[in-house]
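Both backbone and side-chain heavy atoms feed into the values below; hydrogens, waters and symmetry mates do not.
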Amino acid sequence: MKKRTLELTRPGNIGSRFLSKVRSARVSNCKFKLKRKREKAKQKMEVEVDEKELKAAGAELFSDGRHGVRIHGWEIETRKRSILNSSTHELWEKKLETCHMPEMIFGESCLVLKHVKSGTTIHFNAFDALIGWKKEALPPVEVRAAAKWKFRCKPSEQVILDYDYTFTTPYGGSETITLDEDKHEGREVSKETCNLNWEDCKEKIDVVALASKEPILFYEEVVLYEDELADNGVSLLTVKVRVMPSGWFLLLRFWLRVDGVLMRLRDTRMHCAFENNVNPIILRESCWREATFKALAAEGYPSEAAAYNDPSMISQRLPVVMNKTQKLKVSSNM
């Protein structure tokens, strides 16, 4: 594929003013799209929490304004915030050293799971996911329309399609340990320092057991970032969490569809059973799948993009390119 360039020069500071207008227009457009998505989301069935079921499971919802649940030594919290404003967007560009960002970034939205006694915290956020995108630096998907889709840089500079405009990320979550205040003066230590090790294992998450009709004490889906590829597909990173009397389960999913070209699905599932509340074990399964539209059509599947709106429905059609299972033994003796 030949690289397509676009050059624009503007005298004085007109370019910077133009860029500011472009960013403001982009934020307004994203807010409109977000409003439309929220209206559609209202039509979906919400999980109603039964107070009796919560009490029977030894769980309680937060009463301090946070959105989440406390159960068997875990505090599970979700935060759903609006998209980044222009100033924060620029700050992220500087930190990530890039001028290419997804259309809609929910920078303050996150999922946090904390094991109180050990201080072990697993969390999911857009910034760390984009760090993963930047480090992996996949080559751009070859499609002719991509050059005009991804004109996001400063208009006063030359634009060359030489980056992964799909924002594919290998991100599987972030981890920290908050040590006991009395022993460690409340210092927060990174996973590298604390040697928070995920070990390869043969155990698998019991999907059949998770599908049983067990009361759902807490459920939430958090969108971390999204890009509609100028109406030529979708790039979407979300995380869902479900809490039952027997344990918690989450799905971190990156879903990519470049219409007529490629589909890519990267799932990370985690499960923790409430069998051992002192030193729990977390299983993590990572499965990456992808296929071209051409390859799927050759197997007799539809070639129209409209047939692939729901990744859950078509995931089994996509060949596996990576699959591994790991476990984390949470120790309370820090």
Partners passing side-chain contact (heavy atoms from CB on, under 4.5 Å) against T325 (at least two apart in sequence or in another chain):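 With neighbours one apart ignored, the set is C201, K204, E285.
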Parallel, tilted or perpendicular: ring planes of [X] versus [Y], cut at 30 and 60 degrees:
{"X": "W92", "Y": "F127", "answer": "perpendicular"}
{"X": "F124", "Y": "Y171", "answer": "perpendicular"}
{"X": "H67", "Y": "F218", "answer": "tilted"}

Between [X] and [Y], is any pair of side-chain heavy atoms under 4.5 Å apart?
{"X": "I282", "Y": "I122", "value": "yes"}
{"X": "P245", "Y": "L217", "value": "yes"}
{"X": "T98", "Y": "W133", "value": "yes"}
{"X": "V234", "Y": "W255", "value": "yes"}

Might you confirm whether atom NZ of K117 has over 12 heavy atoms from other residues, nucleotides or ligands at distances under 6.0 Å?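 Result for NZ/K117: open.
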If the threshold is 4.0 Å, N to carboxylate O, is there a salt bridge linking K80 and E220?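 So K80 pairs with E220 through a salt bridge.
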So does K52 pair up with D50, basic N to acidic O under 4.0 Å?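 So K52 does not pair with D50 through a salt bridge.
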How many angstroms lie between atom OG of S331 and atom CG of N197, to the nearest 0.5 angstrom?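 Rounded to the nearest 0.5 Å, the OG-CG separation comes out at 12.0 Å.
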Under the ring pair (Phe, Tyr, Trp, His ring centres under 6.0 Å) rule, collect the residues that match up with Y308, sequence neighbours excluded.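 Partners of Y308 under the ring pair (Phe, Tyr, Trp, His ring centres under 6.0 Å) test: F293.
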Salt bridge (Lys or Arg N to Asp or Glu O under 4.0 Å) partners of residues 260-276, not counting sequence neighbours, each pair once: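 Residue pairs with at least one partner in residues 260-276: E136-R266, R253-D267, R264-E290, D267-R269.
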